[in-house]
Amino acid sequence: MATDPQRMEWILEQMEGAGNLRYRKMFGEYGVYCDEVFFAVVCDGTLFIKPTQAGRAVLGQPVLQPPYQGAKPSFRLDDLTDRERLIELIRATIGELSRKR
């Protein structure tokens, strides 16, 4: 089931404060960028963040699952109500991904 545009807007609102956020349609779902770094996808209304060591340090034992068939596993986030932790996760992830560029 494709992600509803209103759900995508709500997810982006939960991330507000992490940096310069934007999303775009990709593969029938959404790709998410922060400070122009691609770090996540939203598939079937669920946020999947690229796995990093920095992100793992924030999450502890994250759920790893591919966002769609054939994709590499990502951190699956089902509960987005803890905005402070979500923002911390995004900043940590972006920091590590930016160093790898």
Side-chain angles (χ1 to χ4, degrees):
M1 179 172 95
T3 302
D4 181 87
Q6 289 80 18
R7 172 75 177 167
M8 187 61 229
E9 285 295 325
W10 181 83
I11 291 171
L12 208 67
E13 286 173 17
Q14 298 307 104
M15 298 179 193
E16 208 167 280
N20 183 21
L21 295 160
R22 71 179 179 92
Y23 64 88
R24 69 179 202 147
K25 280 275 209 181
M26 299 177 92
F27 316 113
E29 289 287 357
Y30 295 95
V32 187
Y33 298 78
C34 183
D35 299 332
E36 295 307 311
V37 176
F38 177 71
F39 75 99
V41 295
V42 176
C43 294
D44 295 328
T46 302
L47 178 63
F48 294 88
I49 293 183
K50 285 186 175 187
T52 60
Q53 289 302 323
R56 192 177 304 277
V58 173
L59 294 174
Q61 293 187 333
V63 174
L64 278 170
Q65 179 182 335
Y68 52 89
Q69 190 173 7
K72 292 181 181 178
S74 296
F75 296 153
R76 178 185 172 135
L77 285 101
D78 293 310
D79 181 8
L80 304 179
T81 58
D82 185 346
R83 293 182 69 198
E84 287 182 24
R85 186 172 181 220
L86 180 58
I87 290 168
E88 179 184 4
L89 171 61
I90 293 168
R91 288 180 177 164
T93 300
I94 295 305
E96 186 171 323
L97 293 175
S98 294
R99 288 189 300 274
K100 292 180 179 180
R101 285 177 141 187

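Source: prediction; values computed, not measured.
- Between atom CG of residue D4 and atom CG of residue D44 there is a gap of 12.0 Å, rounded to the nearest 0.5 Å.
- Residues V42 and R7 form no side-chain contact, since every pair of their non-hydrogen atoms from C-beta on lies 4.5 Å or further apart.
- The CE atom of M15 sits 4.5 Å away from the CD1 atom of I90 when rounded to the nearest 0.5 Å.
- Separation of atoms CG (L21) and SG (C34) is listed at 4.5 Å; rounding is to 0.5 Å.
- Listed by chain and number, the residues in a side chain to side chain contact (heavy atoms under 4.5 Å, CB included) with Q53 are R56, E96 (sequence neighbours excluded).
- When the side chain to side chain contact (heavy atoms under 4.5 Å, CB included) test is applied to A71, the partners found at least two apart in sequence or on another chain are P66, P67, Y68.
- Residues satisfying the side chain to side chain donor-acceptor pair (under 3.5 Å) criterion with Y30, sequence neighbours excluded, are absent altogether.
- Here R76 pairs with D78 under the salt bridge (charged side-chain N to carboxylate O under 4.0 Å, His left out) rule; sequence neighbours left out.
- Scored by the side chain to side chain contact (heavy atoms under 4.5 Å, CB included) test, I87 finds A18, R91 as partners (sequence neighbours excluded).
- Y23 and E9 are linked by a side-chain donor-acceptor pair at a separation below 3.5 angstrom, with hydrogens and angles left out of the test.
- The list of salt bridge (charged side-chain N to carboxylate O under 4.0 Å, His left out) pairs with a residue in residues 57-69, not counting sequence neighbours, is empty.
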Mind listing the side-chain donor-acceptor pairs of residues 79-86 below 3.5 Å, one per line with the distance, residues two or more places apart or on another chain?
{"from": "D79", "atom 1": "OD1", "to": "T81", "atom 2": "N", "distance (Å)": "3.0"}
{"from": "D79", "atom 1": "OD1", "to": "T81", "atom 2": "OG1", "distance (Å)": "2.6"}
{"from": "D82", "atom 1": "OD1", "to": "R85", "atom 2": "N", "distance (Å)": "3.2"}
{"from": "R83", "atom 1": "NE", "to": "Q14", "atom 2": "O", "distance (Å)": "3.1"}
{"from": "R83", "atom 1": "NH2", "to": "E13", "atom 2": "O", "distance (Å)": "2.9"}
{"from": "R83", "atom 1": "NH2", "to": "E16", "atom 2": "O", "distance (Å)": "3.4"}
{"from": "R85", "atom 1": "NH2", "to": "L59", "atom 2": "O", "distance (Å)": "3.0"}

